[in-house]
Amino acid sequence: MKTVGIIGGGQLGLMIAQQARLLGVRTIALDPAADAPAFAVADERIVAAYDDSAALEELCRRSDAVTYEFENVPGRVLIPLCRRYNIPQGFRPLYDSQDRLREKENARANGFFTPEYAAVDDERSLRATVERIALPAVLKTRTLGYDGHGQQVLRTEADIERALPLLAVPCILEEFIAFDYEVSLVMVADGERVVTFPVGRNVHRDGILDLCFLPAGMEDGVLARLRQVGERFMAQCGYRGILAVEVFVRGDRFWFNEMAPRPHNSGHWTIEGATTNQFRELVRFLVGEPLEEPQIVAPTVMKNILGQDLAEAEKIAAERRPNVHVHLYGKSESRPKRKMGHITFVGMTPEEYARDWAARFV
Ligand code: AMP
């Protein structure tokens, strides 16, 4: 029996461990919190910080292959381990995604369009860049941003003044794309082939993913082009394992926004809404099994459950309705805006969701 080590024990680690178990693969998760969600399912646990090299080494020693669900594992810790242990995704896709400037340069160099951007470090470079790419624009910290944290949309002079404190750390200023909608491309590559999950449309609220609708309703030609650009990107970058790319779409154009070399919130719907799911294909890749091409089962809606929706989600779970799949991550503390679970509605259209379900959530 093979063992997969997971750096990070949040909900992504939990769902990797669940799918691994269904495939007969053991898991060990490492997380600093003794009550991390993945520990409820993983076969073994290591409670330690993400930069504790001795603990990470222990994880690697006990695993046949190691993956990460946490994006900010430092290179100084991971790179030496990649040399000595089987970490099939390597450090490279993490490195490429840990800094928004590097991330966009890499995306452009490998075939994606991106919004215009430039590094800005102080008020002078910010104002010079605003001159060049014009307002509206989006100012983001280069590292450690997530779910809309560490970013500000600039529309007016007053917004520029208000945004100055962000410049305490290195930032990037991006052209604001007035997109029609956002989608994500979740791909798994094994060095020979790339499988791509059906593309869903993402709806954010307050910078956090709220809903995914499948299919995305993209025009066939644009969808085919996006998949082709994505697959070529994986191949040219030499990435193996899983990668999620968030994309803005307007008309027949699309722009790379950001990427993550781990399962993605916008791919949770695949557990019930597709013939194989993002966690399962990641595990199959890690243990050297051939990848399976995913197919959509039926139109699907995924609703994220944040702290403020938890009580309603528990009620829905108790109703035990067919094709309504409630996932609660078992986090010990519920807070507004904290991701506590998700619900997947299989066989549902956006219109049906709006009519029958939307009003149940705040
Ligand atoms: P990010 O953290 O980069 O994924 O940004 C969070 C959300 O902010 C995105 O999902 C978009 O809805 C919005 N956003 C980020 N960058 C831009 C941009 N350049 N133009 C328009 N909207 C953006």
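Indexing begins at 1, ligand by ligand and atom by atom, following the structure's order. Just so you know, residue 1 is the first one in the sequence shown, and it goes up from there.
- When atom types are taken as modelled, the side chain of Asp159 and the backbone of Thr156 share a donor-acceptor pair closer than 3.5 angstrom.
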Between ligand 1 and the protein, which N/O pairs fall short of 3.5 Å?
from	atom 1	to	atom 2	distance (Å)
ligand 1	2 (O)	Arg100	NH2	3.3
ligand 1	2 (O)	Gln151	NE2	2.9
ligand 1	3 (O)	Arg100	NH1	3.0
ligand 1	3 (O)	Lys140	NZ	2.7
ligand 1	3 (O)	Asn257	OD1	3.4
ligand 1	3 (O)	Asn257	ND2	3.3
ligand 1	4 (O)	Glu246	OE1	3.4
ligand 1	4 (O)	Asn257	ND2	3.0
ligand 1	4 (O)	Glu258	OE2	2.8
ligand 1	5 (O)	Gln151	NE2	3.2
ligand 1	10 (O)	Glu182	OE1	2.6
ligand 1	10 (O)	Glu182	OE2	3.4
ligand 1	12 (O)	Glu182	OE2	2.8
ligand 1	16 (N)	Lys140	NZ	2.9
ligand 1	19 (N)	Glu174	OE1	3.0
ligand 1	19 (N)	Glu175	O	2.9
ligand 1	20 (N)	Ile177	N	2.9

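- For Glu319, the CD atom counts as densely surrounded, since its 6.0 Å shell holds more than 12 non-hydrogen atoms of other residues, nucleotides or ligands.
- Rounded to the nearest 0.5 Å, atoms CG (Leu185) and CG (Leu226) are 4.5 Å apart.
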Using the side chain to side chain contact (heavy atoms under 4.5 Å, CB included) rule, take Ile242 and Met187 through it: C-alpha gap first, then chi angles, then the decisive distance, then the call. CA-CA 6 Å; Ile242 191 161; Met187 299 170 283; over 6 Å; no
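- By the 4.0 Å N-to-carboxylate-O rule, Glu131 lies too far from Arg127 to be salt-bridged with it.
- At most 12 non-hydrogen atoms from other residues, nucleotides or ligands lie less than 6.0 angstrom from CZ of Arg205.
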